[in-house]
Each structure stands twice: as structure tokens, then as C-alpha cells.
Colleague: 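Here you go, one structure.
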Amino acid sequence: MVGGANYQPYRDWFAGYFNITDTANTWHTDGAWTTLVNNTVTSGLPSPYTFTGTSLTYHMLGFLSTPNTVLYGRNDEGVAVGAFRTYSNGGTLNYMALDLGNGGYVTTADLNAFIVPWLRSSLAAAIPEPETWAMLGAGATVVGVLRWRRRARV
């Protein structure tokens, strides 16, 4: 998930997933990024990074610590604007509060140095581990064998 909205029902809904800061229901911007932790989501990100198009750093939400959540980046206002949460069922929610697709104002430099690396590393974080793929493959094999045996009996 990327971005945010100055709409109280959205903020209320979002507060059910993350502990958000009081950002005064308004846009904030400062033009910079600092990575807080090294993990899969931040593996391709430069740190620190100053955006050439400051409209990309607009944000309305900031994050506070929440169980099962990694705050992985902040702006120069000291607000955590990147958060990755894991759930007991194996699901994840990755939220980048920065407005990374702001209406055509994306510079080529920001696209290549920050946005594309963030998308790549975020997708890598969402892809299951090899063990999960092995379990899925084994399950599909069992289903295939059972279907084949049922057809062989008929």
C-alpha cells in the first residue's frame, strides 16, 4: 500500500492495522528518506536519500511501534513513513506513506534510485520462502496423484 488520504474514515480504518501518529490531518513533506533497518524491504534502498521531486515525499500518515511491525524508514521530520507488518497466518502488509506516484511529478532520478528499488524489494518480501514453495508443490503433487488414482478406478 502506498500513499494516504486526508479523510478521517480512512485514518480510522488504517488505525486498525498500524499505530499511527497524529499528523494533524494534513500533508507533510520534507524531501528526504533514511532507512531505519536492514531487511528485505530496504535491501535496495539508498540511505539517506534526498528526493529530486519533493512532491513524492508528501505524506499524511506516520507510524509508531506496533507488535509484529518493523518501522523501516523515516523522513527528516523524524516520522516513520515505512512500515512492514506480519500476521500469524503468514500474511503481510507493507505500507509506504510517501506519495510515490504523485500525478506525473515523478522524476527519472527518483524513479530509478528509489521507487523501482522499493517496489522490487517489497515484492521480494511478499514472495514466500523456498520452503513454502516446496510445501505448495508437495500439496499439488498429492492432489494430482489422488485425482489420477480416482480416474484410474473408474
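Each residue takes its place number in the sequence, starting with 1.
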Colleague: Run the numbers on Tyr72 and Asn94 for side-chain hydrogen bond (donor to acceptor under 3.5 Å, both in side chains), then give the verdict.
Modeller: CA-CA 10 Å; Tyr72 65 83; Asn94 182 355; 2.7 Å; yes
Colleague: Please name the pair of heavy atoms, one in Gly44 and one in Ser121, separated by the smallest distance, quoted to 0.1 Å.
Modeller: N-CB, 4.3 Å
Colleague: We want to know whether Tyr49 and Asp110 form a side-chain donor-acceptor pair, criterion being a heavy-atom distance below 3.5 angstrom.
Modeller: yes
Colleague: So Thr52 and Thr107, side-chain hydrogen bond (donor to acceptor under 3.5 Å, both in side chains) or not? Walk me through it.
Modeller: CA-CA 7 Å; Thr52 59; Thr107 67; 2.6 Å; yes
Colleague: Would you say the side chain of Thr66 lies within less than 4.5 Å of the side chain of Arg85, judging by non-hydrogen atoms?
Modeller: yes
Colleague: Are more than 12 heavy atoms, taken from residues, nucleotides or ligands other than Asn39, located less than 6.0 Å from that residue's CG atom?
Modeller: yes
Colleague: Donor-acceptor check, side chain of Ser43 to backbone of Thr40, threshold 3.5 angstrom: yes or no?
Modeller: yes
Colleague: What are the two closest heavy atoms between Val41 and Ser122, and how far apart are they?
Modeller: CG1-OG, 4.0 Å
Colleague: Might you point out which heavy atoms bring Pro46 and Thr35 nearest each other, and give the distance in Å?
Modeller: O-OG1, 4.0 Å
Colleague: So do the side chains of Phe84 and Thr92 get within less than 4.5 Å of each other, counting heavy atoms only?
Modeller: yes
Colleague: Please examine the side chains of Thr50 and Trp33, heavy atoms only from C-beta on, and report whether any two atoms are closer than 4.5 Å.
Modeller: no
Colleague: If you measure only the distance, is there a donor-acceptor pair under 3.5 Å linking the side chains of Asn68 and Thr86?
Modeller: no
Colleague: Between Phe63 and Tyr95, is the gap from one ring center to the other below 6.0 Å?
Modeller: yes
Colleague: Please work out which of the three classes, parallel, tilted or perpendicular, describes the rings of Phe51 and Phe114, given edges at 30° and 60°.
Modeller: perpendicular
Colleague: Distance from Arg74 atom CZ to Thr34 atom OG1, nearest 0.5 Å?
Modeller: 4.0 Å
Colleague: Looking at every non-hydrogen atom in both residues, tell me the closest pair between Leu64 and Leu71 and how far apart they are.
Modeller: C-CD1, 3.8 Å
